[in-house]
Amino acid sequence: MPSVRKFLHDVRGRALPRGHGVAGIGCPPTSESGSPVEAADRLADPREPLALLRRELGTGPGGLSEREADRRLTVYGPNQVRRPAETTLADQLVRQLAHPLALLLWAAGALAFVAGIPVLAWAILAVILVNAAFALLQEHQAERAVEALAAYLPERVHVIRDGLPQVVEAARLVPGDLLVLCEGDKVPADARLTEGALEIDLSMLTGESAPVERIAGPADTQAALLREPHLVFSGTTCVGGQAQAIVFATGTQTELGRIAALSHRRRRTSSPLETQVKRVAWLIAAVATGIGAVFLLVGVLVGLSPTDALMFAIGLLVANVPEGLLPTITLALAAGVRVMARRGAVVKRLSAVETLGSTNVICTDKTGTLTRNRMRLQAIWTADEGVVPVSPDRPMPAGLARAAIACTMVAYDHDGALHGDPTEIALVDGAAGPRPMADVADMLADRDARRRAVFHFDPRLRLMSTVTRPRDGDDRLIIDVKGAPEAVLDRAVLTGADRAAAHTAAGELARRGLRVLAIATRRLPASAAVPRRRDEAEADLLLIGLVGLYDPPRPQVAGAVRRCHEAGLRVHIVTGDNGATAAAVAGEVGIGVPRLRVVGEAERLTDRELDELLDDDAEIVFARSAPETKLKIAEALRARGRIVAMTGDGANDAPALHQAHIGVAMGRSGTDVAREAAAMVLTDDDFATIVTAIESGRQVYDNVRKFILYIFAHAVPEIVPFLVFALSGGLVPLPLTVLQILAIDLGTETLPALALGREPAEPGLMSRPPRPSSQGVITRDMLIRAWGYLGLISAALVMIAFFYVLWRTGWRPGVPTGPGAPLHHAYLTATTATFAGLVTCQVGTAMAARTDHASLWRIGLTSNPLLLAGIAFELAFTAALVYLPPLQDLFGTAALPVDVIALIAVFPVVVWGADELRRRARRRGHSAGRTSPRALA
């Protein structure tokens, strides 16, 4: 088989049959997207003999007729990647406005209208609309993997119809069309070459960076479809050559369409936090509605008028609806997104922030994620010297260096640097040794001048070879070959002992974490012609030696892996590399401590074998993995209840990235398809950034629980005054008014709650095991802490303040305190003391809620300046309501005397101090082995 370049020279130099001309047709690649269609199954097997394929597709050397193409377009539909059914803006808006928390806010707004407070009602409605708009914006930016896949398709393509070359829209291609492809084209459909040859970039489907040959010829029925040497696939790119090809699949029947179908076969489910917040919303709704109904009945029974009883019930209902909960959660997640973006992780969905916090398995690539993707030559093996390191003092032997440089495609650019595959650049650098770059450029120019043919790297064979005219004047051509040791050794002429020694050396180098390549050569007989087929060239080889290339781990990865283990996360490596090499890298960065399992051929794993592996407690290296292997692993882990983060960079990784809870795409080396399918994109391609993002996710989730605790703790001191009023039969006047409750919920409470969403990470955050995905955002311990501890303490304190003000004026149960009564002003002062006391208790609750189990002194009183600002605002707001006459008239407040101020000023210390003592006792219990850190949360 001839080299691509020579074959193309021959193809271009001979006349094409009538109807096959391509002269004058430009090839500008653009993109195309379209609507979903149902495509029929493929008409024929593309690997069958070409004559049979033509007959089954009903086409010939002159292509289809226009009328036949139009008929087939009706049958098979447009050549477009299927898109998911799009929901209308109205549907999306209704979904957001019907969210359980939004429904509660609607109810709160309606009740505010009924209560005669339109300003409050309109404010609540504004909160609903702002949250809905924000959620719609987030949805618009997410779930666009299929659109990115469609962008790989060109807008217009070149075909032969009715025996003449034509330019048609890519969407109008049909099976049986005869394509004309040239350098720079993007392939618009899956097709089989009928004439000519191409160099194709298949990286978006296979992940291989080096272009591959595609030449018209007989099929290899033993090869996988993507590795067939005569097939080209939709969305790939022609980087050289010219050819004709017959289309056998379009639209969703292409390999690209298959990836799109895998990416969207599973609808995105709600994240754990989204599900739990809905449960919280319904719990709050049930509690609020039940309390409102009970107090409506109690109010009537104790002699209140129906209007007054309704007003009290409305006040209780509004007091129990957390108007600020939904925006606080949204803003906390958004803040987490901004923090992670500054750290190199761009999160595309707010809910993914929380999902990161419960992640317990990371499946990561090796090259470029754990390692730097900066190869360097570290060691060589020759039969004479064995394994020796490479250094400036001990360069590569001359014969090995010559063959290594000859068998590369590295180019020297005008900017004075080498460009090409990182592995080949490392070979050239190692072979050149300490020579200056100018000499290296001369070596590469001489290599190109003497080259007569190239058989590019074939991922199926794992080989590359070149044919070169020697420099020494000998007329015998030299064939140089490089590739995987097992592939080269199978084609080399060796004694049994030499073959065993080479295999042993290759294993030793791989166990050191080196990528191992074998280099061999062959000198053809005098006057022999350039081989036309690679199997003729790559035979009867003389092994020169082995080279070991080292891709060093990123320096921060080992620490990140250690943090993963401390946090209870498992880390698996899923790579296309050799198992021994990947295992060595795993050992360097600490993956597999204390036990590592290596699967040498992950593609061959059955579902049962995979399940057994994942049920084990070891960390695993899945070597020689295909993109489908990633998808199988993600599905198997999900089936076991694991929360999975999966990395990927190629378009072929999109299904696995979509299937994982957190798909992590590479921002530098990744494709657009991978970035669109992923929930998170790493701008630095660094594994350590994933761990940082997981830590941020845990921090955000903890902070959500902190402000929910803060909000819930105030329900008890707001309800207890109504209980006292109702159970006393009206003998005790109402200690808190409806307007004062609303002032607390929408005025003093909101900013501190928002500030708790920005709380720094608590010490020991990454020393806890991952949160079970089944654990609710509200736990029994949280409710006990909020309602049975902080809430009761606050309620007791505010009632003490209320009765203190009344009793010192001589009030006794049953004494009138209404307007016109002698004690009316004392009653206003007492309700103001209740209101102000509740606000100061909020301050103590906010400080207590900052930590789940650590002491506040460990994180520092001033480590959250936003919270201090929020507390300052709520105190200033309270002072305005208490001392400004216009607000006094509106909210029924009165100026507080100094002794009352002194009394309520100690409330924050009492509330926070009591909780600090509780946490201290629980920490002591934990240290004594009686409880666990999770129980303290």
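These figures come from a predicted structure and were not determined experimentally. All heavy atoms count here, side chains included; hydrogens, waters and symmetry mates do not.
Once rounded to the nearest 0.5 Å, the distance linking CG of Leu709 with CZ of Arg850 reads 14.0 Å. We find the CE-OG1 distance between Met680 and Thr647 to be 10.0 Å, quoted to the nearest 0.5 Å. With rounding to the nearest 0.5 Å, the separation of CZ in Arg642 from CD1 in Ile362 is 14.0 Å. Expressed to the nearest 0.5 Å, how far CZ of Phe835 lies from CD1 of Ile744 amounts to 5.5 Å. Between the CG atom in Leu861 and the CG atom in Leu856 there is a gap of 5.0 Å [rounded to 0.5 Å]. In this structure, the separation between SG on Cys564 and CD1 on Ile694 is 5.5 Å, given to the nearest 0.5 Å.
Other residues, nucleotides and ligands place more than 12 heavy atoms under 6.0 Å from the CZ atom of Arg640.
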request  = Verify side chain to side chain contact (heavy atoms under 4.5 Å, CB included) between Phe802 and Thr831, making sure each step is shown before the conclusion.
outcome  = CA-CA 6 Å; Phe802 175 75; Thr831 57; 4.3 Å; yes
task = Please step through side chain to side chain contact (heavy atoms under 4.5 Å, CB included) for the pair Met646 and Gln659, ending with a clear verdict.
result = CA-CA 9 Å; Met646 173 78 73; Gln659 180 71 359; over 6 Å; no
inquiry  = Before you tell me yes or no, could you show the steps for Arg768 and Asp702 under salt bridge (Lys or Arg N to Asp or Glu O under 4.0 Å), namely the whole-Å CA-CA distance, both residues' side-chain angles and the distance that decides it to 0.1 Å?
reply    = CA-CA 12 Å; Arg768 306 197 308 251; Asp702 279 3; 2.8 Å; yes
task = Please step through salt bridge (Lys or Arg N to Asp or Glu O under 4.0 Å) for the pair Asp915 and Arg918, ending with a clear verdict.
result = CA-CA 5 Å; Asp915 194 69; Arg918 181 194 67 86; 3.1 Å; yes
inquiry  = Determine whether Asp781 and Arg785 satisfy the following criterion, side chain to side chain contact (heavy atoms under 4.5 Å, CB included), listing intermediate values before the conclusion.
reply    = CA-CA 6 Å; Asp781 285 342; Arg785 185 182 177 192; over 6 Å; no
request  = Show your working on side-chain hydrogen bond (donor to acceptor under 3.5 Å, both in side chains) between Arg923 and Ser855 and close with a plain yes or no.
outcome  = CA-CA 9 Å; Arg923 286 195 301 272; Ser855 170; 4.6 Å; no
request  = Could you give me the CA-CA distance, side-chain angles and deciding distance for Glu695 and Leu765, then say whether side chain to side chain contact (heavy atoms under 4.5 Å, CB included) is met?
outcome  = CA-CA 7 Å; Glu695 181 177 7; Leu765 179 68; 3.8 Å; yes
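The side-chain heavy atoms of Asp686 and Val557, taken from C-beta on, include a pair separated by under 4.5 Å. Inter-residue side-chain proximity for Met766 and Glu566 is flagged as unmet; no heavy-atom pair is nearer than 4.5 Å.
Without hydrogens or angle criteria, Glu762 side chain to Ala854 main chain gives a donor-acceptor distance under 3.5 Å.
Ring geometry, Phe873 versus Phe877: the interplanar angle falls under 30°, so the pair is classed parallel (tilted spans 30 to 60°). Ring geometry, Trp857 versus Trp912: the interplanar angle exceeds 60°, so the pair is classed perpendicular (tilted spans 30 to 60°).
Every residue two or more places apart in sequence or in another chain that forms a side-chain hydrogen bond (donor to acceptor under 3.5 Å, both in side chains) with Asp616 is listed here: Arg595, Arg597. The side-chain hydrogen bond (donor to acceptor under 3.5 Å, both in side chains) test applied to Asn360 returns no partner, not counting sequence neighbours.
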